[in-house]
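For reference, the structure is listed below as C-alpha cells.
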Protein chains: 2
Amino acid sequence: MRELDINFPTCPVRNILSRMSDKWSLLVLRALQKGGVMRYKDLRNAIPDISQKMLSSTLKRLEEDCLINREMHKEIPPRVEYSLTETGKELMPALVMMIEWAREHFDVITGQQSMP
Amino acid sequence: MRELDINFPTCPVRNILSRMSDKWSLLVLRALQKGGVMRYKDLRNAIPDISQKMLSSTLKRLEEDCLINREMHKEIPPRVEYSLTETGKELMPALVMMIEWAREHFDVITGQQSMP
DNA sequence: CGGTATCCTATGCGATACTG
DNA sequence: CAGTATCGCATAGGATACCG
C-alpha cells in the first residue's frame, strides 16, 4: 500500500511503462505469443517492416528485462530460438486486452483524423 | 477473423499501439482514472515532471483520439476539466493489468541492469 | 543464418518566454 | 488559469554495408 512513488525511475509503473513505450517491443512480444518458439528470421517475417538493427536491439532489451529467452544452438549455420519467459507470458493477458480494445475502438479512434 | 493485416497504419493493433507508445499518454490516462475529473493544474501536480508543452500536446492527442473529454468553462479565470470518455474508460482494465504486472515484476525486470 | 558497425536524419521532448 | 510559440538538442530508429 505505497501509492506514493511517482518518480521516474524508481516508480515501478513509470519505469516499466517507459520500457514498453518504444516502437517494437510490444509487437515482438505479441509475435512470440502467437508463434511460440521463433527464430530470428521468423520474427522478421512476422514483422516485415522492422529493420535488422531494431529487431536485434529490441530482442536484446527484452532479454535483459527477462521477458524473453534466447537459446543459441551452436551449429553451422547457427540457429537461435526466442520464446517468452514466464514473466513475459504473465504480461500477455494485459497485452491481449489492449489489443482487443484496439480492435474494438479502431474506427472511433481513427475516424476523425488521419494518421500520417 | 481477419488476422491478416499486419501493416501499419491500417492494422488496428499497429495503429493503436503506436499511439500509446509515447512517454506520457498512458500516465495521463492513469492519472485521470485515479483523479476522475481533473483540471490542467491537477494533472501537472499528478505528474510533476511533465512539461507544459508535453501535457498540452498529449491532452490534445488523447482528445482527438476520443480517449478523453475536454470541457471548457468560459469563466475568468478560465476553468478546463478533463475526464476519460467511455472509450477511454474501457481501456483502463487492460492498463490496470499492465500496471499490476509492472508492480509484481519490477524487481525481476530491473534487477539485472541499471536504468540510465 | 543471425547478427554488428556505421552513418544519418527525423522528431520527441525539454527549457524558456510569452499570452488571453 | 490554461495554455502557445520558439528554440535547441538528444536519441530513437532507418539504410546500408559488412562479419563469423
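Every chain is numbered from 1, with letters handed out A, B, ... down the list of sequences. This one's a predicted model, so the numbers in the text were calculated from it and none came from an experiment. The figures here come from the full heavy-atom set of this structure, side chains too, leaving out hydrogens, waters and symmetry mates.
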Shared hydrophobic cluster for B:Leu55 and B:Met72 (ILVMFWY, side-chain gaps under 4.5 Å): yes
What integer distance in Å separates [X]:[atom1] from [N]:[atom2]?
X	N	atom1	atom2	answer
B:Tyr40	D:dT4	OH	C1'	10 Å
B:Glu63	D:dG3	CD	C1'	13 Å
B:Lys23	D:dG13	NZ	C1'	17 Å
B:Ile68	D:dA2	CD1	P	14 Å
B:Leu43	D:dA2	CG	P	10 Å
A:Gln52	D:dC18	CD	C1'	11 Å
A:Ile50	D:dG14	CD1	P	8 Å
A:Leu26	D:dA12	CG	P	16 Å

Closest heavy-atom pair and its distance - B:Phe106, A:Ile16: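 Looking at all heavy atoms of both residues, the shortest contact is CD1-CD1, 3.4 Å.
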For the student: nearest non-hydrogen atoms of A:Asn15 and A:Arg19, plus distance: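 That closest heavy-atom pairing would be OD1-NE, 2.6 Å.
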Distance test, side-chain N/O of B:Lys60 to OP1/OP2 of D:dG3, below 4.0 Å: no
B:Tyr82 side-chain N/O to D:dC1 phosphate OP1/OP2 under 4.0 Å: no
Check ion pair A:Arg44-A:Asp49 (N to O, under 4.0 angstrom): no
Salt-bridge criterion met for A:Glu63 and A:Lys60 (N-O under 4.0 Å):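 No.
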Would you classify [X] as touching base, sugar-phosphate or nothing, given that sugar-phosphate means primed atoms plus P, OP1 and OP2, and contacts are heavy atoms under 4.0 Å?
X	answer
B:Arg70	sugar-phosphate
B:Lys74	nothing
A:Lys53	base

Opening and closing nucleotides of DNA chain C in contact with chain A, under 4.0 Å to non-hydrogen atoms: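 That gives a stretch of C:dC1 to C:dC7.
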Toward the 5' end of DNA chain D, by each residue's nearest nucleotide, A:Pro78 or A:Asp22: A:Asp22
Proximity to the side chain of A:Trp24 - top-ranked nucleotide from D:dG14, D:dC1, D:dA2: D:dG14
Passing option when A:Glu81 is tested against A:Arg39, A:His73, A:Arg70 for side-chain hydrogen bond (donor to acceptor under 3.5 Å, both in side chains):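 Of A:Arg39, A:His73, A:Arg70, side-chain hydrogen bond (donor to acceptor under 3.5 Å, both in side chains) with A:Glu81 is met by A:His73 alone.
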Intermediate values then yes/no, salt bridge (charged side-chain N to carboxylate O under 4.0 Å, His left out), B:Glu86 and B:Lys89: CA-CA 5 Å; B:Glu86 280 308 308; B:Lys89 286 178 183 171; 3.7 Å; yes
